[in-house]
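Because the structure is predicted, anything quoted here is derived from the model rather than measured. Just the heavy atoms: all of them, side chains too, but no hydrogens, waters or symmetry mates, feed the values below.
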Amino acid sequence: MSKKILITGGLGYIGSHIAKLLGEKAVILDNKSNSSLDYKKKLPKAKVYVKNVNYYSLNKVFLENKITGVIHLASLKAANESVNNPLAYYEQNVFSTIQLLQTMRNFKINNIIFSSSATVYGNSNDCPLKEDMILNSVNPYGSTKICIERLVDDYCKSDSKVKAISLRYFNPLGADKKAGLLDQPKGVPQNILPILINSIKNKQAFKIFGNDYETKDGTCIRDYIHVKDLASAHLLALQSLSKIKGHVPINIGLGKGLSVLELVKLFEKANNISIKYKISKRREGDVAISYADNTKAKKILGWKPKFNHLDMLRDAWEASLNL
């Protein structure tokens, strides 16, 4: 039986890009709650289980495959939605991780890459954000990520054989045009580019949430990273587990900020398109400025981003035209 990597949430935007890189090594566990991906066509080499992440499904996956490591992405992930429904976020995100770690322990699987988030830094830290800063989220989604990082940390301390890296994602954009993989959520999109692209296609004004932040143009500043750069970081993280002790958090971001207004203007330039937008009131749970110090990723993982903002915006738009 050949060695495999389990990707929980592997049919989602980020997970599908990781699965594409892993090819026939990928085993995916995903309930398709936020994915409409035609995985038989787009990820033909992956073995897919369309199930929830729980004891029953995990036991089945581990019994039927020689899993040597886990990339854990499955979670509810909309920061603003989490404010209105915190219990669902804790139940889905934290409890499923406990079940995953317990089942990994039973099967003596000691390697895990956890999908964390820049939201763990909250709004009390100065940018660039560094991994040793105090964690303090401003919404329940970020709080669940902090909770899981601490859970993973404590679990690693209890067993010296267990190695874990928490990748703190900043804001993934872009697409793999050749593979036909893009940010294509079910229902109402929550991420900035699907919202922007929908507004262009539907000839509606794009909503910018707040222009009264203490930033150069009043709109929020974020660190955007090409999803292909983010996906490659997971494979490098798996390879780097042998070099670390216990649990290590690592930022994955471009290392510089772009305001929402700048992103809109750059999208127009990248795709030769005009965008109507309007300013709306702030969203609860949004921080003003968030961008990464990515030194640790370069040093420990040997990772560096290959794509720039124009690449991200061009790839996302061109991939959406093929839908």
Side-chain angles (χ1 to χ4, degrees), residues 76-86 89 116-130 133-146 168-174 183 185 187-226 251-271 273-294 308-310 312-313 316-317:
L76 297 176
K77 64 181 185 67
N80 52 322
E81 180 188 71
S82 75
V83 174
N84 299 320
N85 198 358
Y89 273 70
S116 191
S117 163
T119 56
V120 300
Y121 293 110
N123 58 6
S124 55
N125 292 302
D126 291 331
C127 290
L129 298 166
K130 297 183 180 181
M133 287 176 166
I134 291 169
L135 305 186
N136 179 27
S137 70
V138 294
N139 55 60
Y141 166 68
S143 298
T144 66
K145 293 295 186 183
I146 294 172
R168 292 177 180 164
Y169 305 169
F170 281 69
N171 297 64
L173 300 182
D183 196 352
V188 179
Q190 304 285 345
N191 294 345
I192 190 165
L193 272 197
I195 296 170
L196 177 59
I197 288 167
N198 273 10
S199 68
I200 295 166
K201 289 185 172 181
N202 296 326
K203 295 184 168 57
Q204 294 170 337
F206 171 64
K207 265 190 205 174
I208 295 176
F209 295 103
N211 66 344
D212 56 350
Y213 289 96
E214 289 187 22
T215 61
K216 50 194 165 187
D217 59 24
T219 65
C220 288
I221 290 174
R222 293 290 179 268
D223 187 330
Y224 297 102
I225 181 78
H226 199 297
N251 289 335
I252 302 293
L254 205 60
K256 55 186 176 183
L258 191 73
S259 77
V260 176
L261 207 49
E262 285 174 326
L263 181 135
V264 169
K265 299 297 181 191
L266 207 55
F267 192 99
E268 290 181 320
K269 179 184 173 183
N271 300 303
I273 199 165
S274 181
I275 297 170
K276 288 190 298 181
Y277 65 86
K278 64 179 182 182
I279 306 298
S280 182
K281 65 178 184 178
R282 291 185 183 194
R283 283 188 310 195
E284 194 176 349
D286 276 347
V287 299
I289 303 172
S290 173
Y291 64 92
D293 180 323
N294 60 15
N308 61 29
H309 289 127
L310 280 171
M312 300 173 208
L313 301 175
W317 176 243

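The CG atom of Leu254 lies 12.0 Å from the OH atom of Tyr224; values are rounded to the nearest 0.5 Å. How far CZ of Phe209 is from CD1 of Ile279: 10.5 Å, rounded to the nearest 0.5 Å. Leu258 contributes atom CG, which lies 6.0 Å from atom CG of Leu266 (distance to the nearest 0.5 angstrom).
Annotation: side chain of Arg168 is in contact with side chain of Leu135 (closest heavy-atom distance under 4.5 Å). Counting only heavy atoms from C-beta outward, the side chains of Ser280 and Ile208 never approach each other to under 4.5 Å. Side-chain atoms of His309 and Lys269, non-hydrogen and from C-beta on, never get closer than 4.5 Å to each other.
Here the closest heavy-atom approach between residue Ser290 and residue Val287 is recorded as CB-CG2, 4.2 Å. Contact record, Ala292 with Asp223: N-OD2, 2.9 Å, taken as the closest heavy-atom pair. Between Ala270 and Leu313, the shortest heavy-atom distance links the atoms CB-CB, 4.2 Å. Considering every non-hydrogen atom in both Gly253 and Asn294, the closest pair reads O-ND2, 2.9 Å. Considering all non-hydrogen atoms of both residues, Asn198 and Pro189 come closest at ND2-CG, 3.4 Å. The shortest heavy-atom contact between Thr119 and Ser117 is OG1-OG, 2.8 Å.
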Let me see the working for Asp183 and Leu193 under side chain to side chain contact (heavy atoms under 4.5 Å, CB included), right down to the final yes or no. CA-CA 8 Å; Asp183 196 352; Leu193 272 197; 5.9 Å; no
Show your working on side chain to side chain contact (heavy atoms under 4.5 Å, CB included) between Asp217 and Thr215 and close with a plain yes or no. CA-CA 6 Å; Asp217 59 24; Thr215 61; 4.0 Å; yes
Show, in sequence, the C-alpha distance, side-chain angles and deciding distance for Ile221 and Lys216, and conclude whether the side chain to side chain contact (heavy atoms under 4.5 Å, CB included) test is met. CA-CA 9 Å; Ile221 290 174; Lys216 50 194 165 187; 4.2 Å; yes
Between Leu76 and Tyr141, is the side chain to side chain contact (heavy atoms under 4.5 Å, CB included) condition met? List the steps. CA-CA 8 Å; Leu76 297 176; Tyr141 166 68; over 6 Å; no
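In this structure, Asn308 contributes its side chain and Leu310 its backbone to a donor-acceptor pair below 3.5 Å. Of the possible polar contacts, one joining the Asn139 side chain to the Gly142 backbone as a donor-acceptor pair under 3.5 Å is found. Side-chain atoms of Asp293 do not come within 3.5 Å of backbone N or O of Pro128 as any donor-acceptor pair. Looking only at distances, a side-chain donor or acceptor of Asn125 sits under 3.5 Å from a matching main-chain atom of Ile134. Formation of a donor-acceptor pair under 3.5 Å by the Thr219 side chain with backbone atoms of Leu261 is found in this model.
Side-chain polar atoms of Ser137 and Ser143 form a donor-acceptor pair below 3.5 angstrom.
Screening residues 199-214 for side chain to side chain donor-acceptor pair (under 3.5 Å), with sequence neighbours left out, gives Asp212-Arg282.
Counted within 6.0 Å of OH on Tyr277, heavy atoms from surrounding residues, nucleotides or ligands total 12 or fewer; the atom is thus considered open.
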